[in-house]
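Please see the structure below; I have some questions.
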Amino acid sequence: MPEEGTVINLVDEKNRFIVKGYHGIQNKGYGWVLTQHKNDSIDIDFFVKKIKAAVAYREEFYKNESTTAFRVLNGEGDGLGGLTIDYFDGFYMLTWYSLGIYALKDIILEALKQSVEYKGIYQKKRFDGKGKYLDDDNDFLFGKEADAPIIVKENGVNFAIYLDDGAMVGVFLDQRDVRAAIRDKYAKGKTVLNTFSYTGAFSVFAAVGGAKKTTSVDLAKRSLVKTQEQFNVNAIDVQKQDIIVEDVFNYFKYAVRKKLLFDMVVVDPPSFARSKKHTFSASKDYVNLLKEVIQITNTNGIIVASTNSANFSMMTFRDFISKAFRELKGKFKVEESFTLPKDFKVLEKFKEGDYLKVVFIRKIR
Ligand code: SAH
């Protein structure tokens, strides 16, 4: 095997050129195609073209003053597998998903500087194939350092974002359209339970949309202050919301025992998680998770079932939903569903790139 980052021409058995790419080991394979043109040299200009094309595709996002956080370059969807670039109010965040792409770091960063105006540039390294964050040094690279936090907007709602505080910055941008739907179409007057709530982004949108009350549940201790902060930066009274640090599987038991029922339940678990008592894998355990959720959802209530697992398709996910209701002798109706938003560009030929699946389910009984 060549060294990671080596630019390689793939040829057929008769030594005819097929494509040019780079070697970089990632969960998705051994490397990525960069170009179909044999004479392209992989230099600063090459990456300037890629980045400028990606920026042009997001023109409407740059112009939209009510949303100041979005994805500028989505890996292979923008012809640059292994790298994503996100925009946070003038700051750029690069995430490197392999040593291979990171080996090309200097020319890619130079290309970025030549292609955009920026306040500052940050990076995250996630090399180990599973996307685990490597916290070896400062995530800050160039320009001005960002406040901790900076406040960005999403459809007019504020988010506190920390660009240099571990693996995650405070919000998952790929759920933008789902949050807007919750706020604009589903939340008004409703009691909302947000499970696996992280910083409570779904709860904040529900509250802004007029929810009667939100309850956020996450196992991570930090989620409490993080969620309080997201309510505070939107001038929502935190005292009127419940924020619970607990394993959701314990919370379900408690809710069933107390006969709690919610008008809307959001369920957005990680693809894989291990807590003290439970191991959860979306592909194996989602049906059981939904069965718990269904039992604490009011008749005519809404379940927002979400997964970012690339291991199964939307069709399989819909089957999980049917199975969960069938096993409880329940009945449901799908109101609408979501995949990745426009700025998370995906390739027609690489459907696995569109990992996000979100279904709004109405519980009929
Ligand atoms: N829905 C969130 C993102 C969820 S990220 C959003 O839209 O922002 C996954 C979260 O699940 C993490 O915050 C993690 O702490 C939490 N988590 C993982 N296992 C859990 C469990 N068993 N109980 C509660 N939370 C859990």
Side-chain angles (χ1 to χ4, degrees), residues 69 71 86 88 126 130-133 149 152 154-155 157-162 165-183 186-187 192-209 214-231 233-234 241-255 264-282 284-286 288-290 292-293 296 303-310 338-341 344 355-360:
R71 180 147 292 187
D86 293 324
F88 296 99
R126 291 169 170 264
K130 292 187 190 107
K132 192 163 177 270
Y133 171 67
V152 302
E154 180 183 281
N155 292 310
V157 173
N158 293 328
F159 281 131
I161 298 293
Y162 293 79
D165 185 24
M168 300 191 286
V169 299
V171 66
F172 292 101
L173 298 176
D174 54 3
Q175 297 276 13
R176 180 190 311 113
D177 296 347
V178 178
R179 287 188 283 265
I182 287 175
R183 177 188 65 185
Y186 295 95
V192 179
L193 173 66
N194 180 10
T195 61
F196 305 94
S197 54
Y198 180 43
T199 60
F202 288 124
S203 311
V204 170
F205 268 75
V208 172
T214 68
T215 303
S216 305
V217 183
D218 196 291
L219 186 64
K221 285 205 177 66
R222 268 160 59 108
S223 68
L224 174 62
V225 283
K226 293 278 182 194
T227 304
Q228 287 170 335
E229 180 179 38
Q230 301 300 15
F231 280 119
V233 297
N234 287 290
Q241 317 296 329
D242 277 345
I243 305 169
I244 299 168
V245 176
E246 198 183 0
D247 190 319
V248 295
F249 297 98
N250 290 341
Y251 182 79
F252 289 141
K253 287 202 193 87
Y254 162 85
M264 173 149 86
V265 182
V266 181
V267 54
D268 179 32
S271 305
F272 190 82
R274 183 170 284 146
S275 65
K276 272 182 208 141
K277 287 197 196 131
H278 296 274
T279 303
F280 175 83
S281 138
K284 289 202 198 91
D285 304 319
Y286 213 108
N288 283 334
L289 175 61
L290 276 174
E292 307 260 21
V293 170
I296 57 171
I303 296 166
V304 182
S306 169
T307 180
N308 60 8
S309 176
F338 291 82
T339 55
L340 285 174
F344 284 66
Y355 55 84
L356 186 69
K357 297 165 270 289
V358 184
V359 183
F360 282 65

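When a ligand or atom number is given, it counts from 1 through the structure's own listing order.
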Point to revise | Arg179, any N or O under 3.5 Å of ligand 1 N or O | key: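 No - when backbone and side-chain N and O of Arg179 are compared with those of ligand 1, no distance drops under 3.5 Å.
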
Review point. Is there at least one pair of N or O atoms, one from Val217 and one from ligand 1, spaced under 3.5 Å apart?
Key: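 Checking ligand 1 against Val217, no N or O pair falls under 3.5 Å apart.
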
Exercise for review: Measure from atom 14 (C) of ligand 1 to every heavy atom in Val171, Val245, Thr195, Asp218 and give the option owning the shortest one.
Suggested key: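 Going through Val171, Val245, Thr195, Asp218 one by one, Asp218 has the nearest heavy atom to atom 14 (C) of ligand 1.
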
Check your understanding: Donor-acceptor pair, Tyr286 side chain versus Ser306 backbone, under 3.5 Å?
Key ->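 Yes, because the side chain of Tyr286 sits within donor-acceptor range (under 3.5 Å) of the backbone of Ser306.
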
Exercise for review: Please state which part of Phe172 comes within less than 4.0 Å of ligand 1, counting heavy atoms only: side chain, backbone, both or neither.
Suggested key: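 For Phe172, the contact with ligand 1 is made by the side chain alone.
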
Exercise for review: Determine, step by step, whether Phe360 and Ile303 satisfy the side-chain contact (heavy atoms from CB on, under 4.5 Å) criterion, reporting the C-alpha distance in whole Å, the side-chain angles of both residues, the deciding distance to 0.1 Å, and the verdict.
Suggested key: CA-CA 6 Å; Phe360 282 65; Ile303 296 166; over 6 Å; no

Exercise for review: Could you tell me whether the side chains of Ser203 and Ser216 share a donor-acceptor contact shorter than 3.5 Å?
Suggested key: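 The answer is yes; a qualifying pair exists.
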
Review point. Can Asp268 and Tyr198 be counted as having a side-chain donor-acceptor contact under 3.5 angstrom?
Key: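 Short answer, no.
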
Check your understanding: Under 4.0 Å from ligand 1, counting heavy atoms only, is it the side chain of His278, its backbone, both or neither?
Key ->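 His278 to ligand 1: no contact under 4.0 Å from either part.
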
Point to revise | Ring-ring centroid check Tyr251 Tyr254, cutoff 6.0 Å | key: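 Close enough - the centres of the two rings lie under 6.0 Å apart.
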
Practice item. Give yes if a backbone or side-chain nitrogen or oxygen of Leu219 is under 3.5 Å from a nitrogen or oxygen of ligand 1, and no if not. Key: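 Looking only at distances, the answer is yes, because the N/O contact criterion of under 3.5 Å is met.
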
Practice item. Provide, to 0.1 Å, the distance between atom 18 (C) of ligand 1 and the closest protein heavy atom, together with that atom's residue and name. Key: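 Checking every protein heavy atom, the shortest distance to atom 18 (C) of ligand 1 gives Pro270 CG, 3.8 Å.
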
Review point. Can Asp247 and Lys253 be counted as an ion pair, charged N to O under 4.0 angstrom?
Key: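 No, Asp247 and Lys253 are not salt-bridged.
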
Check your understanding: Under a heavy-atom criterion of less than 4.0 Å, does Glu246 contact ligand 1?
Key ->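 It does; at least one heavy atom falls under 4.0 Å.
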
Check your understanding: How far is atom 8 (O) of ligand 1 from its nearest protein heavy atom, and which residue and atom name does that atom have?
Key ->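 Atom 8 (O) of ligand 1 sits closest to the protein heavy atom Tyr198 CD2, 3.4 Å.
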
Review point. Starting from atom 2 (C) of ligand 1, which protein heavy atom do you reach first, and at what distance in Å?
Key: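 Of the protein heavy atoms, Phe196 O, 3.4 Å lies nearest.
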
Practice item. Tell me whether the centres of the aromatic rings in Phe88 and Phe159 are closer together than 6.0 Å. Key: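 When the ring centroids of Phe88 and Phe159 are compared, they turn out to be at least 6.0 Å apart.
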
Review point. So is Ser223 in contact with ligand 1, going by heavy-atom distances below 4.0 Å?
Key: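 False for this residue.
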
Check your understanding: Can you tell which part of Phe202 has a heavy atom less than 4.0 Å from ligand 1: side chain, backbone, both or neither?
Key ->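 Under 4.0 Å from ligand 1, Phe202 contributes side-chain atoms alone.
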
Exercise for review: For ligand 1, find out whether one of its N or O atoms is nearer than 3.5 Å to an N or O atom of Thr199.
Suggested key: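 N/O-N/O distance under 3.5 Å: no.
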
Review point. Does the side chain of Thr215 pick up a donor-acceptor pair with the side chain of Gln241 at under 3.5 Å?
Key: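 No pair is found: no donor N or O on one side chain lies under 3.5 Å from an acceptor on the other.
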
**Study point:** Shortest protein heavy-atom distance from atom 23 (N) of ligand 1, along with the residue and atom involved
**Key:**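 Checking every protein heavy atom, the shortest distance to atom 23 (N) of ligand 1 gives Val248 N, 2.9 Å.
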
Practice item. State whether Asp165 and Arg222 are salt-bridged, where the test is any N-O pair (Lys NZ or Arg NE/NH1/NH2 against Asp/Glu carboxylate O) under 4.0 Å. Key: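 Between Arg222 and Asp165 there is a salt bridge, with a charged N closer than 4.0 Å to a carboxylate O.
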
Review point. What residue and heavy atom of the protein are closest to atom 19 (N) of ligand 1, and at what distance?
Key: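 Ranking protein heavy atoms by distance from atom 19 (N) of ligand 1, first comes Ala273 CB, 3.7 Å.
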
**Study point:** Phe280 ring center near Phe272 ring center (under 6.0 Å)
**Key:**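 No, the ring of Phe280 stays outside the 6.0 Å limit from the ring of Phe272, centre to centre.
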
Practice item. Identify which one of Glu154, Arg176, Gln230 satisfies the side chain to side chain contact (heavy atoms under 4.5 Å, CB included) criterion when paired with Phe205. Key: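 Only one of Glu154, Arg176, Gln230 forms a side chain to side chain contact (heavy atoms under 4.5 Å, CB included) with Phe205, namely Glu154.
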
Practice item. Can you pull out the closest protein heavy atom to atom 1 (N) of ligand 1? Residue, atom name and distance to 0.1 Å, please. Key: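 Nearest protein contact, heavy atoms only, for atom 1 (N) of ligand 1 is Asp268 OD2, 2.7 Å.
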
**Study point:** Nearest non-hydrogen protein atom, atom 22 (N) of ligand 1
**Key:**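 Checked against all protein heavy atoms, atom 22 (N) of ligand 1 sits closest to Asp247 OD1, 3.1 Å.
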
